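First comes the structure, then the notes that go with it.
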Amino acid sequence: MIDYGSMVHDAMRGLIKRLLQDIADAGELPGDHHFFITFNTMYSGVLIPDWLLDRYPDEMTIVVQHWFENLDVTDEGFSITLNFGDSPEPLYIPFLALRTFVDPSVEFGLRFEHIEEDEPETAEAPMHENAEPDDAIREDAQVVSLDSFRKQ
């Protein structure tokens, strides 16, 4: 059988990779764009400070907006330095760890449904706190859900 769900997830990750690479090349976000990126903090390869992992043991949402540095995109993921209460912290997030990606400035969102093969064994990793997005903003964004396309 054709695994459309995995193929769509790969395409969505490719879109995010290209978008982040464009931002890294430009050195800043255009206009009012900003991103809420939620990821599995226990996913193998995630690197975040221990104090953030203690605070967000399962998942964390980072906000990429006004201040960020060192955005570097690879085929497997991205690294970025974000400010947490006046403390710059480096993070590394594999694309396979992503759960949601939202740009509320244009009401765009992607949600990665859980797929077993996307989730290798968990490993301890550090984490990053840049605030949870406001629920009202999340509700306004249109999120693509793949559940309706999956054959049960």
Side-chain angles (χ1 to χ4, degrees), residues 6 8-146:
S6 291
V8 170
H9 278 197
D10 289 345
M12 290 174 11
R13 287 185 192 100
L15 180 147
I16 294 169
K17 176 186 169 199
R18 179 178 172 192
L19 174 67
L20 291 177
Q21 185 60 62
D22 289 350
I23 301 304
D25 292 344
E28 63 184 3
L29 291 161
D32 292 331
H33 291 278
H34 56 288
F35 310 135
F36 295 134
I37 302 172
T38 302
F39 62 97
N40 175 351
T41 58
M42 296 304 292
Y43 191 87
S44 179
V46 168
L47 299 175
I48 57 176
D50 289 337
W51 69 272
L52 285 173
L53 186 58
D54 291 342
R55 190 166 174 187
Y56 302 98
D58 298 314
E59 78 175 26
M60 178 181 182
T61 300
I62 59 171
V63 179
V64 180
Q65 189 168 10
H66 300 295
W67 188 95
F68 63 91
E69 291 182 336
N70 307 318
L71 177 58
D72 184 44
V73 182
T74 67
D75 286 340
E76 292 79 32
F78 67 99
S79 59
I80 190 168
T81 300
L82 295 174
N83 195 12
F84 297 96
D86 292 327
S87 177
E89 298 284 357
L91 310 173
Y92 178 77
I93 303 166
F95 291 120
L96 289 174
L98 296 180
R99 291 192 172 159
T100 63
F101 176 93
V102 177
D103 182 347
S105 71
V106 292
E107 297 183 8
F108 176 80
L110 299 171
R111 175 173 301 173
F112 295 89
E113 304 300 330
H114 177 77
I115 297 178
E116 288 297 322
E117 60 269 17
D118 282 355
E119 302 269 348
E121 64 234 36
T122 59
E124 279 193 34
M127 181 192 229
H128 182 147
E129 165 223 326
N130 204 8
E132 293 287 325
D134 181 54
D135 287 338
I137 294 173
R138 274 189 175 178
E139 289 174 13
D140 288 343
Q142 292 179 333
V143 178
V144 176
S145 177
L146 299 179

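Worth saying up front: this structure is predicted, and the values here are computed from it rather than measured. When a residue number appears, it is its place in the shown sequence, counting from 1.
A distance of 8.0 Å separates CD of E59 from OG1 of T41, quoted to the nearest 0.5 Å. With rounding to the nearest 0.5 angstrom, the CG atom of L20 is 5.5 Å from the CD1 atom of I37. The distance from atom CD of Q65 to atom CG of D103, rounded to the nearest 0.5 Å, is 9.5 Å. Distance CZ/F95 to CG/L15: 10.5 Å, rounded to 0.5 Å. From F39, atom CZ reaches atom CD1 of I93 across 4.0 Å, with rounding to the nearest 0.5 Å.
Between L29 and F35, the closest side-chain pair of non-hydrogen atoms falls below 4.5 Å. Residues S105 and H33 are in side-chain contact: their nearest non-hydrogen atoms beyond the backbone lie under 4.5 Å apart. Inter-residue side-chain proximity for F68 and I62 is flagged as unmet; no heavy-atom pair is nearer than 4.5 Å.
What you find for F112 and H9 is that their closest heavy atoms are CE2-O, 3.7 Å. The two residues L96 and Y43 come nearest to each other via the heavy atoms CB-OH, 3.1 Å. Scanning both residues, M42 and P57, for their nearest heavy atoms gives CG-O, 3.0 Å. Between P30 and I23 the shortest heavy-atom distance is CD-CD1, 3.7 Å. Between R99 and D58, the closest heavy-atom pair is NH1-O, 3.9 Å. For L91 against P49, the heavy-atom pair with the smallest separation is CD2-CD, 3.8 Å.
Taking the six-membered ring where the residue is Trp, F101 and F108 present perpendicular rings, their angle passing 60° and hence far from 30°.
The side-chain contact (heavy atoms from CB on, under 4.5 Å) test applied to S79 returns D72, Y92, not counting sequence neighbours. Considering only residues two or more places apart in sequence or on other chains, D75 meets the salt bridge (charged side-chain N to carboxylate O under 4.0 Å, His left out) condition with K17. By the side chain to side chain donor-acceptor pair (under 3.5 Å) test, D86 is found to be paired with no residue, residues two or more places apart in sequence or in another chain being considered.
Atom CG of D25 has more than 12 neighbouring heavy atoms from other residues, nucleotides or ligands inside a 6.0 Å radius.
The backbone N or O of L110 lies less than 3.5 Å from no partner atom in the side chain of T100, so there is not a single donor-acceptor pair.
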